[in-house]
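See below for the structure under consideration.
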Amino acid sequence: MSGLGNFLATLYRVLSWRLLVAAALMLVLTLTQGVGLLMLIPLLDLVGIEVSGGSVGLLADSLSRIFDTLRLPPTLAAVLLVYVAIIGLTAYLTRHQAILLHRLEETFVRTLRQQLYGAITDATWPFFIRHKSSDFTHALTSEMRRLRSAARSALELAVKLMVALVYVGLALYLSPLVTLLAFACGLALVALIYPQMRLARRKGEAITKANRSLYAAIGEYLAGMKVAKSHGIEDLHRRTFGMLSERVEGAYLDATRNRATANFWFELGAVAALSLVLFVALELLALPVAGVIVLLFLFSRLMPMFGRIQGLYHSVSTALPAFDEVMVLMERCRAEAEPPADGSDVLELRRALALRGVRYAYPGGPEVLKDLDLVVEAGKTTAIVGPSGAGKSTISDLIVGLLTPQHGAVLVDDRTLSKARIHPWRRRLGYVAQEPFLFHDTVRANLLATHPEASESDLLPVVC
């Protein structure tokens, strides 16, 4: 329940006033549905079923006064006309509600995706390289799809609950005893399917783990395709990929089986409960026929609605591990965020860039650099050579500011490359990676990405 509470709180925090607008629309729609149900009473009277006396009679008198106020004769044509108008209004509001709820779920997912991606891009380089890129891709794609489903289910759950409350209110007004009996049956149904509902979150966690493993394999195998082909081990990759795909399939199938089992027991119990309620109303309480018909109609609408509510809650519970995955990753990224850019303190390289007494070791490994002193003079070419693992890339990352020395300092004209100065310093650097990389765009767009104010002549190659 705490996980569900956090999810709903985040849903409200992201959507804020939009959620209140949706709630107001739900309330109006619920009221129109309630009025539509009440129109059943004058229809019963018109077809010759006695509606006087008891709660149904009071409702019939109230509706009769409303017709008199509207100066409409309580004829079949007038009642049907009002009924059609109410149903038409309900259908119109339902259309707008469907569009609004879809917009809300898309806004929710887009906002969370942008927040997560922003947190990832703001995280430090050591944090980024400690994680597989597939973990980030998985959270930004697969888990977001599950969050969209959870948001849709949660919003629809709110709609169904509001409508159900109106139906229950009418049922309590007509016969409190029969309604309480129906509630008791409902509690027994919840107890019956509770074990399946508890399993929903565990099934959702299995889906998250299986998807994460599959995304990791996709990233690794596509990146290592050249090695696989060079060694002729494509079959190994295919077998492993097939095994992980089957694991994902099994996780989703297991969750579906769990949900279907819960639905089966709920529908079976609902039919039994409805039969019991009908028996008590007719045989033991001897309620008027009109009251029994209205109650039967209410409960026939309520039982499928409660079944849908149970299914929606089940869907949200299954998707909650995806929400936890996204929020935990976002919190970790923010905890490892680089300081915000400060353009007021710009470093200018005029004399020399120096590393003084620099030490650096990657987590869990030996020192790559130990008491390193290095001077790179401005206006000159400096080449750093050495075998693999000697620390060449580490020196480059320290100069760029991707890594921070664990001892010593990086100096630009005797000014320390502090965290607050990193962003404006990077904007003044040209960096060519060991492996060529271009964004999936034109060459012009790639050039303008780091130098947006460049002129046309700046973009053209220099001909010697």
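FYI, the numbering just counts along the sequence from 1. Computed from heavy atoms alone, side chains included, the values below leave out hydrogens, waters and symmetry copies. These figures come from a predicted structure and were not determined experimentally.
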> Passes side-chain contact (heavy atoms from CB on, under 4.5 Å), L355 versus L353? Steps please.
Replying inline: CA-CA 7 Å; L355 278 69; L353 186 148; 3.9 Å; yes
>> Please report the interatomic distance CG(L374) to OG1(T382), rounded to the nearest 0.5 Å.
In response: 7.5 Å
> Just wondering, more than 12 heavy atoms not from R332 lying within 6.0 Å of its CZ?
Replying inline: no
> For the atom pair CG (N211) and CG (L244), what is the distance rounded to the nearest 0.5 Å?
Replying inline: 10.5 Å
> Can F108 and T10 be said to form a side-chain contact (heavy atoms from CB on, under 4.5 Å), step by step?
Replying inline: CA-CA 9 Å; F108 175 68; T10 304; 4.2 Å; yes
> Does S16 reach the main-chain N or O of R13 with its side chain, forming a donor-acceptor pair under 3.5 Å?
Replying inline: no
> Side-chain contact, heavy-atom cut-off 4.5 Å: R113 with T141?
Replying inline: no
> With distance as the sole test, does E338 use its side chain to make a donor-acceptor pair with the main-chain N or O of K419 at under 3.5 Å?
Replying inline: no
> Taking all atoms of both residues into account, what is the closest heavy-atom pair of L398 and L417, and its distance?
Replying inline: O-CD2, 3.9 Å
> Run the ring-ring contact (aromatic ring centres under 6.0 Å, His included) check on F7 and Y12 step by step: do they pass?
Replying inline: CA-CA 9 Å; F7 174 75; Y12 177 76; over 10 Å; no
> OG1/T208 to CZ/F323 distance, rounded to the nearest 0.5 angstrom?
Replying inline: 13.0 Å
>> Filter on salt bridge (Lys or Arg N to Asp or Glu O under 4.0 Å), then keep only pairs touching residues 135-144, sequence neighbours left out; what's left?
In response: E143-R146
> So do R110 and Q114 actually touch side chain to side chain, heavy atoms under 4.5 Å?
Replying inline: yes
> What is the minimum heavy-atom distance between V358 and P405, and which atoms define it?
Replying inline: CG1-CB, 4.0 Å
>> I need the minimum non-hydrogen distance between V316 and A150, along with the two atoms involved.
In response: CG2-O, 3.8 Å
> Is the shortest distance from a Lys or Arg side-chain nitrogen in R415 or E348 to a carboxylate oxygen in the other one below 4.0 Å?
Replying inline: no
>> A side-chain contact here means heavy atoms from C-beta on lying under 4.5 Å apart; do L11 and L104 qualify?
In response: no
> For atom CZ of R103, is the number of surrounding heavy atoms from other residues, nucleotides or ligands below 6.0 Å larger than 12?
Replying inline: no
>> Quick check for you: to the nearest 0.5 Å, what is the distance between E336 atom CD and D122 atom CG?
In response: 12.5 Å
>> Side chains of D458 and S455 only: does a donor on one sit below 3.5 Å from an acceptor on the other?
In response: yes
>> Salt bridge or not between D414 and R351? Use side-chain N to carboxylate O under 4.0 Å.
In response: yes
>> Treating R421 as the side-chain partner and T416 as the backbone partner, does any N or O pair qualify as donor plus acceptor under 3.5 Å?
In response: yes
>> Rounded at 0.5 Å granularity, tell me how far CD in E106 sits from OG1 in T111.
In response: 10.5 Å
>> Side chains of Q115 and M330, heavy atoms from C-beta outward: is any pair under 4.5 Å?
In response: yes
> Is the shortest distance from a Lys or Arg side-chain nitrogen in D413 or R350 to a carboxylate oxygen in the other one below 4.0 Å?
Replying inline: no
> With a 4.5 Å limit on heavy-atom distance, are the side chains of H96 and L100 in contact?
Replying inline: no
>> If you compare all heavy atoms of A210 against all heavy atoms of A251, which two are closest, and at what distance to 0.1 Å?
In response: CB-CB, 4.3 Å
> Quick check: are there more than 12 heavy atoms from other residues, nucleotides or ligands sitting under 6.0 Å from NZ of K392?
Replying inline: yes
> Between the main-chain N or O of S133 and the side-chain N or O of T137, is there a donor-acceptor pair closer than 3.5 Å?
Replying inline: yes
> In a check of side-chain contact (heavy atoms from CB on, under 4.5 Å) between V368 and each of L403, I395, T394, which one passes?
Replying inline: T394
>> When you compare the side chain of L459 with that of L448, does any pair of heavy atoms fall below 4.5 Å?
In response: yes
> Which pair of non-hydrogen atoms, one from A420 and one from P424, has the smallest distance, and what is that distance?
Replying inline: O-CD, 4.2 Å
>> Is the ring pair F127/H131 parallel, tilted or perpendicular, if the boundaries are 30 and 60 degrees?
In response: tilted
> Do R356 and D373 meet the salt-bridge criterion of a basic N to acidic O distance under 4.0 Å?
Replying inline: no
> By side chain to side chain donor-acceptor pair (under 3.5 Å), which residues pair with R212, not counting sequence neighbours?
Replying inline: E325
>> To check you understand the geometry: which heavy-atom pair defines the closest contact between L147 and A322, and what is its length?
In response: CD2-C, 4.3 Å
>> Counting C-beta onward and ignoring hydrogens, is there a side-chain heavy-atom pair between W125 and V400 closer than 4.5 Å?
In response: no
>> Checking M144 against L112 for the side-chain contact (heavy atoms from CB on, under 4.5 Å) test, could you report, in this order, the C-alpha distance in whole Å, the side-chain angles of both residues, the deciding distance, and whether it holds?
In response: CA-CA 8 Å; M144 286 297 171; L112 277 189; 4.1 Å; yes
>> Would you say CZ of R444 has more than 12 non-hydrogen atoms from neighbouring residues, nucleotides or ligands within 6.0 angstrom?
In response: no
> Under 4.5 Å between any side-chain heavy atoms of D254 and I207, yes or no?
Replying inline: no
>> For the backbone of R145 and the side chain of S149, can you confirm whether one donor and one acceptor N or O come within less than 3.5 Å of each other?
In response: no
> When rounded to the nearest 0.5 angstrom, what distance separates NE2 in H407 from OG1 in T404?
Replying inline: 14.5 Å
>> Going by ring-ring contact (aromatic ring centres under 6.0 Å, His included), name the residues that satisfy it together with Y117, two or more places apart in sequence or in a different chain.
In response: none
